[in-house]
Number of protein chains: 4
Amino acid sequence: MMNKKEKIVQAAIEVFKEKGIEKTKISDIVKLAGIAQGTYYLYFPSKLAVMPAIAEVMVEKSIAVVKNEVKRDASFTEQLVQIVDAIFKVTMDYREILALIYAGLASTEHIKEWETVYQPFYSWISEFLKEAKETGVIRESIHVERTSKLLIGLIEIAAEQIYLYDYRQDDQAEIQKAEVLEFLKHALGIQEK
Amino acid sequence: MMNKKEKIVQAAIEVFKEKGIEKTKISDIVKLAGIAQGTYYLYFPSKLAVMPAIAEVMVEKSIAVVKNEVKRDASFTEQLVQIVDAIFKVTMDYREILALIYAGLASTEHIKEWETVYQPFYSWISEFLKEAKETGVIRESIHVERTSKLLIGLIEIAAEQIYLYDYRQDDQAEIQKAEVLEFLKHALGIQEK
Amino acid sequence: MMNKKEKIVQAAIEVFKEKGIEKTKISDIVKLAGIAQGTYYLYFPSKLAVMPAIAEVMVEKSIAVVKNEVKRDASFTEQLVQIVDAIFKVTMDYREILALIYAGLASTEHIKEWETVYQPFYSWISEFLKEAKETGVIRESIHVERTSKLLIGLIEIAAEQIYLYDYRQDDQAEIQKAEVLEFLKHALGIQEK
Amino acid sequence: MMNKKEKIVQAAIEVFKEKGIEKTKISDIVKLAGIAQGTYYLYFPSKLAVMPAIAEVMVEKSIAVVKNEVKRDASFTEQLVQIVDAIFKVTMDYREILALIYAGLASTEHIKEWETVYQPFYSWISEFLKEAKETGVIRESIHVERTSKLLIGLIEIAAEQIYLYDYRQDDQAEIQKAEVLEFLKHALGIQEK
DNA sequence: TATGAATGAGGATTCATTCAT
DNA sequence: CATGAATGAATCCTCATTCAT
């Protein structure tokens, strides 16, 4: 049984996703969470104050999807494909929330928390790159920490562009994935036999 | 002497930058623009309807900076360095307002206009890549239109990461620029003598 | 045709009188005033901010009633009777408002305005006492300004006691009036032939 | 060691005095009293229900001060001076809370209790007047019960006027006391050899 | 075109009160 | 008796939008 705070965060994610940030009413969130209006304010002092908690959950979800999709015993290239697939999937599913987290965090003092929240994701990718670098699969000159951020950022951007610009999403998504993958392979300097 | 529409757009940029989207009132904008409340609605049908016009101005500024910084007679790699410099500069200067535009457009039906507005920027980069591809400076497999979007997106993301995560901005910015440049060179498969 | 501000003040007096301060909603006031909810806030920044304006109107009403009831060509004692009658009437009619003006003013920063607002009433009574003192109708040792305040205060208090304590108001009011009149006559040292 | 009910009353006096009626929350009161929110309702059925208890404590304080200041073996006039001094002192010290009580009682059905609560004070003054009347020190026509209320009301009003209207309180208070005393002496028709 | 007073729907927030423990 | 987490009704105020001038 979830505690009330978790219920609120889950409900908030759901409703924000459904309605967007402006249209969402606290009453929608608490209705879905199955609690009273006032109870919300026992846990969060304002409408926007859930944002950091949501951000945390979303990043956890992203990591979980990536960890689940990626087969660690596959080849590096295969794993890269899986990572792109996973990030595209998460971004497509949750792009509205991700956008509003960004806007929500940006419009408050919570923006500093973003780095902390994303850190586990970066760390996982860093580790992935580090192994590949050590086995010579990617170029020697890669700086794994900084590259992990560029890599995640690039794939997210690529996924968002699909959503923004293309309406025939299904095939365009595959084309864009292929493009970003090709881009990434060269960027990482993959040398796989 | 600016006409009223321009005054509104300039004032809106100023106020949105100052207060963020939620906190900005039409009354703030018209006060700064020196016009009456009702006059706003002669030019824009709603609060968010000014966003595309703002976006347009901002993208024009971005393109102007890029065109100004890039020397078209330099080598491809030199021009790439200049492009990265230019986009970093614009993003650092206007990142707040750019985030707002994105959020503002995203929260309305105006989001489709984003592509139109950004198109001249993409076109310019596409042309730049096309020439390089024709002269064999970058790899043959590049799809210039899609790559132009990835390239701009990647550089912007890289610049934003500096702002988000690093406080010692001056030296970190240079390191990040170098990293993204290296990343890009490999991604594009540069073959320069 | 009254302007909007006056309409609001009149409606506020009416509704406060009817419902008391806690139970009164802004929506009640604007409904009675025949204006929109938001219009209220064009003229007064908060619910309690009408209070000084109400106070002013109430004191004006009090003075008007007194001036209307008192026949200036009657004897001093007769005029005193009329003053007592007038203040009792006003206090009975508007005691709820008077109480909440007092509470409302007291709970804000507006309390200093009270003196200004009551001043015309004091002045009128002062003048009345001054004439009587000059013609030797009341004792020589009277300080007219200070006594005017005591006199008004005493009559108001006497009227309020009736309201507070006695339910058979009609006859009790007459007894209390007689008592306060007797009290006052001695206090003023009336010497009327 | 105080019992819980007393703690609540004391805390309520403190908080109401500090914040006024509207701004005071039950949570403030219980926090200061050092008890749980629910415990309040074991002793008082509503927020305003504590008002009569506060009133009682305040009136007890008033009576105690009067009894303490007044020397029963002094002459009537001297005792009158002492009564005026005592009521001025109490009113100056507690005028805010007294105003609140009045407003608080007035805004509920508890107002009827005010008479009961004040009764001991009235009785004490009545007794004082009765003795004076019997010994011929004050005029025969005095109705002692009704006059006791007028007397207390008049002195309180006089004291409040000092607070409201005069900032140089020290000397003004003495002048006002002298004025009200003179007023009272005549009103009561004192005949002291 | 320009004005700015007027509108009124809408929702975040508060807080007195309850009740399961 | 005591607790304090939970409740949810109640309302002030905001502010985008309109429209008579």
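Computed from a predicted structure; not experimentally measured.
- Nearest nucleotide to the D:K4 side chain, out of F:dT3, F:dT17, E:dA16: F:dT3.
- Nearest-nucleotide positions on DNA chain E place A:S46 closer to the 5' end than the other of A:S46 and D:Y41.
- Between C:G38 and A:K47, the residue anchored closer to the 5' end of DNA chain E is C:G38, taking for each the nucleotide with the nearest heavy atom.
- Relative to the ring axis of C:Y41, C:K47 does not place its NZ or CZ within 45° and under 6.0 Å from the centre.
- Rounded to whole angstrom, the span from the NZ atom of D:K25 across to the P atom of E:dT17 amounts to 15 Å.
- Atom pair C:L48:CG and F:dT11:P shows a separation of 15 Å (rounding to whole Å applied).
- A:Y43 comes within 4.0 angstrom of sugar-phosphate atoms only, judged by non-hydrogen atoms across all strands, and of no base.
- Side-chain proximity of D:L42 to F:dT3, E:dA12, E:dA9: nearest is F:dT3.
- Residues B:T24 and D:Y40 both approach DNA chain F. Their nearest nucleotides, taken by heavy-atom distance, put D:Y40 toward the 5′ side.
- In this model, the phosphate group of E:dT3 is approached by a side-chain N or O of B:T39 to a distance below 4.0 Å at OP1 or OP2.
- Straight-line distance between the P atoms of E:dT1 and F:dT21: roughly 22 Å, to the nearest whole Å.
- One atom, CD1 of B:I8, and another, C1' of E:dT1, lie 12 Å apart when rounded to the nearest Å.
- Inter-residue side-chain proximity for A:V30 and A:T39 is flagged as unmet; no heavy-atom pair is nearer than 4.5 Å.
- The side chain of A:I35 approaches F:dT7 more closely than any other nucleotide in the set E:dA12, F:dT7, E:dT17.
- With hydrogens and angles ignored, no donor-acceptor pair closer than 3.5 Å exists between the side chain of D:Q37 and the base of F:dT3.
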